[in-house]
Amino acid sequence: MIVVIIAGGSGTRLWPLSTHSFPKHLFSITNERSLLQNTFDRVQQIAKTDKIFVISEASHAEHVHNQLDTLPKDNVLIEPGRRGTASCVAWALAEINRRELGSDPILFLWADSLIRDVKGFAASALKAGEVASSQKTIVFIGAEPTYASTGMGYMHKGAHVDGWTDVYQLSGFKEKPDKKTASKYMQSGEYLWNMGYLVGTLEVFEQMFDKYSEEMKTRYTALVEAKDTKEAYLKLESEAIDYAFSEKIENALVIPGTFDWMDVGSFSDLHSVSELDEAENYIKGEKLEVLETSNSYIQNLSETPLAVIGLDNVVVVATDHGVLVTNKNYSQKVGDVAKKLQA
């Protein structure tokens with residue numbers, strides 16, 4: 001199998017811990033390894049190191065090289081500028097074409113997902129690859145919803161595919177729903193969270209571009225034929241892979257992933273997977289005093305003394321990049337505020 005890890009991100013949803021130059025996939029959450037390093041460890045269960053690629057933005061590429069020192073340097077594709085995930089996918093496929101890596105299925109996934117069940121992940125990825133090769137189409141891997149999320153996109157499972165266990169036609173993508181709709185999705189059992197994981201062979205991707213996405217075909221062809229890949233890359237338009245490609249395919253398949261999965265997209269998520277004390281607090285840092293406080297996420301990574309007293313359900317984070325204080329219920333708003341401050 002060939003694996004492409006997309007390690008981009010603007011570092012806004014977990015600001016000020018995460019920044020443009022040091023986004024969240026570069027720091028550790030549940031163990032001493034970063035999210036990126038844990039992802040790299042995981043995919044080595046299904047692919048040889050020389051068939052693992054990482055796409056990184058230039059601002060933090062040095063950190064990627066440092067954290068993945070066993071990955072060949074030229075397997076880190078460094079974006080000279082942000083051009084969206086559609087361009088990332090096209091570039092990886094062009095590089096795979098150029099290196100003549102064969103007809104192995106290619107798995108695209110993200111560097112910042114939190115997954116603990118390595119065996120379950122490997123089994124699902126290999127199954128998706130087998131289905132993609134056999135059925136000659138794109139296969140998406142979805143997560144079984146654990147609650148009625150309004151922050152996730154969904155994929156609708158269609159008819160069961162004969163001869164396979166838990167393989168379905170993909171009936172369509174659904175945008176982030178309101179609470180009532182999310183509850184209906186959850187209760188029906190017909191929907192999976194869209195993790196953004198997709199699998200297909202190079203030949204199938206090329207055929208799908210020809211049939212369903214002129215934009216992706218143009219991107220891919222330009223990068224395959226380019227004498228200067230980075231110059232050609234900078235000429236591409238910025239667009240998400242969902243809109244440029246995924247949502248246009250008419251005969252894609254979907255399988256439920258048989259592993260735990262979380263997109264750590266907010267401080268509320270981060271608090272839920274952190275090691276907590278008796279008061280349900282996560283507390284880290286020097287020059288820090290916390291009194292009569294509960295159910296909170298608190299870090300001080302600055303040299304300025306910090307005190308948190310008599311609060312509940314809050315996030316307080318101080319770094320050299322800024323200070324965040326928010327009710328945990330509003331942590332989804334952090335990204336919007338961070339974009340304004342960083343602008």
Side-chain angles (χ1 to χ4, degrees), residues 1-10 40 43 46-62 64-65 68 71-111 128-129 132-133 135-140 196-252:
M1 198 165 205
I2 301 168
V3 173
V4 180
I5 303 170
I6 299 177
S10 55
F40 180 67
V43 300
I46 59 174
K48 295 179 180 178
T49 304
D50 62 349
K51 289 191 175 183
I52 299 171
F53 295 86
V54 176
I55 300 183
S56 169
E57 206 268 338
S59 63
H60 56 270
E62 183 180 350
V64 172
H65 283 305
L68 304 181
L71 182 69
K73 259 200 160 183
D74 62 355
N75 279 30
V76 179
L77 309 181
I78 302 173
E79 287 185 280
R82 298 178 189 276
R83 291 297 182 270
T85 51
S87 299
C88 290
V89 169
W91 189 10
L93 291 171
E95 192 63 28
I96 290 165
N97 180 329
R98 192 174 291 114
R99 298 191 192 189
E100 299 180 345
L101 293 182
S103 58
D104 289 349
I106 304 160
L107 166 65
F108 286 89
L109 76 168
W110 306 91
S133 296
Q135 301 297 302
K136 301 191 184 308
T137 190
I138 301 296
V139 177
F140 292 85
Y197 288 20
L198 64 159
V199 184
T201 63
L202 180 62
E203 180 184 14
V204 164
F205 275 107
E206 290 173 338
Q207 290 172 351
M208 293 294 180
F209 292 167
D210 285 342
K211 193 169 183 180
Y212 297 112
S213 179
E214 186 64 32
E215 307 102 290
M216 287 301 295
K217 181 180 179 181
T218 300
R219 280 187 181 88
Y220 173 68
T221 302
L223 293 168
V224 167
E225 296 176 352
K227 293 181 180 179
D228 186 330
T229 304
K230 294 196 173 184
E231 182 181 332
Y233 193 84
L234 286 171
K235 293 178 181 178
L236 302 179
E237 301 240 348
S238 181
E239 192 174 8
I241 188 64
D242 285 353
Y243 302 124
F245 178 62
S246 300
E247 296 179 3
K248 296 181 177 182
I249 307 171
E250 295 180 5
N251 63 337

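Owing to the predicted nature of the structure, the values given are computational and were not obtained by experimental measurement.
In this structure, a donor-acceptor pair under 3.5 Å is present between the side chains of E57 and S59.
Ring pair F245/F209 is perpendicular by interplanar angle, where above 60° counts as perpendicular and below 30° as parallel.
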Check against side-chain contact (heavy atoms from CB on, under 4.5 Å), V3 and L109: CA-CA 8 Å; V3 173; L109 76 168; 3.4 Å; yes
Quick one: do V54 and L68 satisfy side-chain contact (heavy atoms from CB on, under 4.5 Å)? Show the steps, please. CA-CA 10 Å; V54 176; L68 304 181; 3.8 Å; yes
Begin with the C-alpha distance, continue with both residues' side-chain angles, and end with the deciding distance and a verdict on side-chain contact (heavy atoms from CB on, under 4.5 Å) for T201 and I106. CA-CA 6 Å; T201 63; I106 304 160; 5.9 Å; no
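Nearest heavy-atom pair across F205 and G200 is CE1-O, 3.4 Å. The two residues G84 and S238 have their closest heavy-atom pair at N-OG, 3.5 Å.
Within 6.0 Å of the NZ atom in K230, the count of heavy atoms belonging to other residues, nucleotides or ligands exceeds 12.
In this structure the side chain of I138 never reaches within 4.5 angstrom of the side chain of V199, judged on heavy atoms.
Here the straight-line distance linking atom OG of S56 with atom CD1 of I5 works out to 11.5 Å at 0.5 Å rounding. Taking CD1 of I78 as the start and OH of Y233 as the end, the distance is 12.0 Å to the nearest 0.5 Å. Of the inter-residue distances, the one linking M216 atom CE with D210 atom CG reads 12.0 Å to the nearest 0.5 angstrom. The CG atom of L198 sits 11.0 Å away from atom CE of M208, with the distance rounded to the nearest 0.5 Å. Atom CD of E247 and atom OG of S213 lie 11.5 Å apart (nearest 0.5 Å).
A distance-only check finds no donor-acceptor pair linking the side chain of Q135 to the backbone of T137 [under 3.5 Å]. Formation of a donor-acceptor pair under 3.5 Å by the H65 side chain with backbone atoms of L71 is not found in this model. Here the side chain of R83 pairs a donor or acceptor atom with the backbone of L234 at under 3.5 angstrom. The backbone N or O of C88 sits nowhere less than 3.5 Å from a side-chain atom of T85 that would complete a donor-acceptor pair.
A salt bridge links K248 to E215: one of the charged nitrogens lies within less than 4.0 Å of a carboxylate oxygen. Between R219 and E237, no side-chain nitrogen of the basic residue sits less than 4.0 Å from a carboxylate oxygen of the acidic one, so the salt-bridge criterion is not met.
Here the two rings, on F108 and F53, have centers that are 6.0 Å apart or farther.
Judged as a ring-ring contact (aromatic ring centres under 6.0 Å, His included), and not counting sequence neighbours, F40 has no contacts.
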What side-chain donor-acceptor pairs closer than 3.5 Å can you find for residues 91-105, not counting sequence neighbours?
{"unit_1": "E95", "atom_1": "OE1", "unit_2": "R98", "atom_2": "NH1", "d": "2.8"}
{"unit_1": "E95", "atom_1": "OE2", "unit_2": "R99", "atom_2": "NE", "d": "2.9"}
{"unit_1": "E95", "atom_1": "OE2", "unit_2": "R99", "atom_2": "NH2", "d": "3.3"}
{"unit_1": "N97", "atom_1": "ND2", "unit_2": "Y220", "atom_2": "OH", "d": "2.8"}
{"unit_1": "R98", "atom_1": "NH2", "unit_2": "L223", "atom_2": "O", "d": "2.6"}
{"unit_1": "R99", "atom_1": "NH1", "unit_2": "N75", "atom_2": "OD1", "d": "2.7"}
{"unit_1": "R99", "atom_1": "NH2", "unit_2": "D74", "atom_2": "O", "d": "2.5"}
{"unit_1": "D104", "atom_1": "OD2", "unit_2": "K51", "atom_2": "NZ", "d": "2.7"}

